Amino acid sequence: MPLLLIKMINKSRGKILGVLALFLVMVWYSIYREDSFYFPVQENKTTCPLGEVERKAAQLIGNYTRDHPLFLQLKDYFWVKTPSLYELPYGTKGSEDVLLRLLSITHYSLPKSIQRLKCRRCAVVGNGHRLRNSSMGETINTYDVVIRLNNAPVHGYEQDVGSKTTMRLFYPESAHFNPRTENNPDTLLVLVPFKPMDFQWMEAILNDKKRVRKGFWKQPPLIWDANPEQVRILNPYYMEVTAAKLLNLPMKQPRKVKQKPTTGLLAITLALHFCDLVHIAGFGYPDSANKKQTIHYYEQITLKSMAASEHNVSHEAVAIKRMLELGLIKNLTYF
Ligand SMILES: *[C@@H]1O[C@H](CO)[C@@H](O)[C@H](O)[C@H]1NC(C)=O
Ligand SMILES: *[C@@H]1O[C@H](CO)[C@@H](O)[C@H](O)[C@H]1NC(C)=O
Ligand SMILES: *[C@@H]1O[C@H](CO)[C@@H](O)[C@H](O)[C@H]1NC(C)=O
């Protein structure tokens with residue numbers, strides 16, 4: 001028997017090798033096909049993980065909900081049914097009158113182009129020096145929503161930071177940017193209110209009233225050429241969540257040890273309540289030992305200048321690291 005089998009195999013060795021070769025070609029072809037056909041689909045799945053941000057954010061943020069509007073609306077200030085628990089920056093208690101005037105000239109809706117997105121892929125662009133020479137511009141521009149902070153320039157830095165700006169978060173002292181040249185025509189200018197004076201400044205600018213000069217820690221711009229239809233007032237709820245849930249700060253602080261979240265961490269919190277995917281770039285400060293390292297990609301200030309601020313940079317870094325570890329956010333630059 002075995003002899004017969006060997007004879008048979010010897011006779012048809014060519015055929016067997018042929019069949020084997022054909023089989024290998026088929027396997028190779030099907031793997032190759034699967035690769036080229038399925039890879040893009042897989043990529044789309046990973047670029048829109050619907051529901052994942054909500055699920056992971058709920059692990060980190062107690063009582064996480066997406067029920068709160070992003071921006072303040074006039075109708076909520078005609079007659080205040082349930083007054084805010086807190087004063088600024090965590091609530092609007094005591095600022096109702098000026099809000100009534102301000103909200104009557106600004107808007108609160110999201111642009112249609114964002115409303116109709118099936119997947120909101122967001123990039124929050126910090127102002128950190130790590131963006132310098134990063135060549136991240138093109139990547140940043142591919143996100144549906146690009147959130148920028150304060151006076152971060154775009155003009156002249158497009159290669160590293162991109163040119164798309166869906167929203168820019170700012171407060172009066174950080175509004176030293178040209179609203180037209182550093183933004184796109186449809187950029188939303190989102191005021192982050194820290195104190196009642198901030199509403200007054202915004203109202204004076206938009207209604208061209210007499211400017212108030214006192215009560216700011218740095219002189220805000222006196223002329224600011226923005227279209228009121230693009231101005232939004234951020235709901236202080238997000239500042240409250242950032243402070244209370246991410247930094248565990250007490251909501252009622254004794255006057256001397258005031259500590260407030262940075263606009264950067266606030267912007268990440270906002271994105272966690274609004275986006276289906278949150279990537280960050282340009283976050284992180286240099287090592288505290290590195291006193292000479294500049295902290296921003298566009299200006300020569302160092303960590304020393306942060307010492308007097310009301311922000312706790314290392315405390316915030318811990319919060320961001322936890323989000324990175326959870327896979328809640330992803331970093332495009334190193335942290
Ligand atoms: C996958 O993503 C690409 C590029 O982003 C897009 O052109 C394509 O239509 C997407 N496919 C599906 C099935 O969503
Ligand atoms: C969640 O909400 C409940 C009811 O308002 C409150 O008692 C509780 O302290 C909240 N938890 C957190 C973590 O904020
Ligand atoms: C960025 O690149 C330029 C030109 O290649 C170089 O001169 C400069 O030192 C770089 N800056 C940093 C911060 O790496």
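Side chains are part of it too, since the values below use all heavy atoms of this structure and drop only hydrogens, waters and symmetry mates. Quantities reported herein were computed from a predicted structural model and do not represent experimental measurements.
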What do the steps show when you test Lys209 against Glu203 for side chain to side chain contact (heavy atoms under 4.5 Å, CB included), and what is the final call?
-> CA-CA 8 Å; Lys209 286 188 178 170; Glu203 201 233 335; 2.8 Å; yes
Should the pair Tyr298 and His296 be assigned to parallel (<30°), tilted (30 to 60°) or perpendicular (>60°) ring geometry?
-> parallel
Test item: Pro261 and Met239 side chains (from C-beta on) under 4.5 Å apart, heavy atoms = yes
Inspect the surroundings of CG in Leu222 and state if more than 12 heavy atoms from other residues, nucleotides or ligands are less than 6.0 Å away.
-> yes
Do Met167 and Phe274 have side-chain heavy atoms sitting under 4.5 Å apart?
-> yes
Pro172 versus Pro220, closest heavy-atom pair with distance = O-CB, 3.3 Å
Thr333 side chain to Gly282 main-chain N or O, any donor-acceptor pair under 3.5 Å?
-> yes
Would you say the side-chain atoms of Asp144 pair up with the backbone N or O of Arg121, donor to acceptor, closer than 3.5 Å?
-> yes
Is there side-chain contact between Met323 and Leu60, with at least one heavy-atom pair below 4.5 Å?
-> yes
Between the side chain of Gln230 and the main-chain N/O of His107, is any donor-acceptor distance below 3.5 Å?
-> no
State which residue, out of Asn184, Val125, Leu188, fulfils the side chain to side chain contact (heavy atoms under 4.5 Å, CB included) condition with Thr165.
-> Asn184
Establish, from distance only, whether the side-chain atoms of Tyr77 and Asp97 form a donor-acceptor pair under 3.5 Å.
-> no
Between Tyr238 and His273: side-chain donor-acceptor atoms closer than 3.5 Å = no
Atom pair CD (Glu240) and OG1 (Thr242), whose distance is rounded to the nearest 0.5 Å = 9.5 Å
In terms of heavy-atom contacts, Arg66 and Leu272 come closest through NH2-O, 3.2 Å
Under 3.5 Å, side chain of Thr92 to main-chain N/O of Leu88, donor-acceptor pair present?
-> no
Is a donor on one side and an acceptor on the other found under 3.5 Å between the side chain of Asn151 and the backbone of Ala175?
-> no
Answer yes or no: is there a donor N or O on one side and an acceptor on the other, between the side chain of Thr106 and the main chain of Pro228, under 3.5 Å?
-> no
Common cluster, Trp79/Leu103, ILVMFWY with side-chain heavy-atom separation under 4.5 Å | yes
Can you check whether Leu265 reaches Ile320 side chain to side chain, under 4.5 Å on heavy atoms?
-> yes
For Phe194, the option from Trp217, Tyr171, Tyr90 that meets ring-ring contact (aromatic ring centres under 6.0 Å, His included) | Tyr171
Crowding at NE2, His155 (>12 non-hydrogen neighbours, <6.0 Å) = no
Residues Arg180 and Asp225 bridged, charged N to O under 4.0 Å = yes
Donor-acceptor contact present, side-chain Tyr157 to main-chain Leu131, <3.5 Å = no
Does a donor on one side chain and an acceptor on the other come within less than 3.5 Å for Thr187 and Arg168?
-> no
Over-ring placement of Arg132 relative to Tyr297, 6.0 Å and 45° cut-offs = no
Is it true that Val124 and Val154 fall in one hydrophobic cluster, defined by side-chain heavy atoms closer than 4.5 Å?
-> no
Ion pair check, Glu173 and Lys195, cut-off under 4.0 Å = yes
Shortest non-hydrogen contact between Ala271 and Val278, atoms and distance | O-CG2, 3.7 Å
Mind checking what makes salt bridge (charged side-chain N to carboxylate O under 4.0 Å, His left out) contact with Lys245, not counting sequence neighbours?
-> none
Glu325/Lys321 salt bridge by N-O under 4.0 Å criterion | no
Report yes or no: does His315 contribute a side-chain atom to a donor-acceptor pair with the main-chain N or O of Leu247 at less than 3.5 Å?
-> yes
Quick one: do the Glu182 and Asn178 side chains pair a donor with an acceptor below 3.5 Å?
-> no
For the atom pair CD1 (Ile233) and OH (Tyr108), what is the distance rounded to the nearest 0.5 Å?
-> 14.0 Å
Verdict with reasoning, Leu85 to Lys93, per side chain to side chain contact (heavy atoms under 4.5 Å, CB included) | CA-CA 7 Å; Leu85 269 179; Lys93 192 169 141 189; over 6 Å; no
Audit row: Val190, Leu270, side chain to side chain contact (heavy atoms under 4.5 Å, CB included) steps and yes/no = CA-CA 12 Å; Val190 182; Leu270 180 67; 5.7 Å; no
Taking atom types as modelled, find out whether Thr262 and Glu316 have a side-chain donor-acceptor pair closer than 3.5 angstrom.
-> yes
Are any of the side-chain heavy atoms of Pro179 and Leu189 separated by less than 4.5 Å?
-> yes
Quick check: does any side chain N or O of Arg148 sit under 3.5 Å from a backbone N or O of Lys164, one acting as donor and the other as acceptor?
-> yes
Counting heavy atoms not belonging to Phe71, are there more than 12 under 6.0 Å from its CZ?
-> yes
Tell me the salt bridge (charged side-chain N to carboxylate O under 4.0 Å, His left out) pairs involving residues 260-274, sequence neighbours left out?
-> Lys260-Glu310
Between SG of Cys275 and CG of Leu277, what distance do you get to the nearest 0.5 Å?
-> 8.0 Å
Gln115 side-chain N/O to Leu110 backbone N/O, donor-acceptor pair under 3.5 Å | yes
Could you tell me whether the side chains of Asn141 and Thr139 share a donor-acceptor contact shorter than 3.5 Å?
-> no
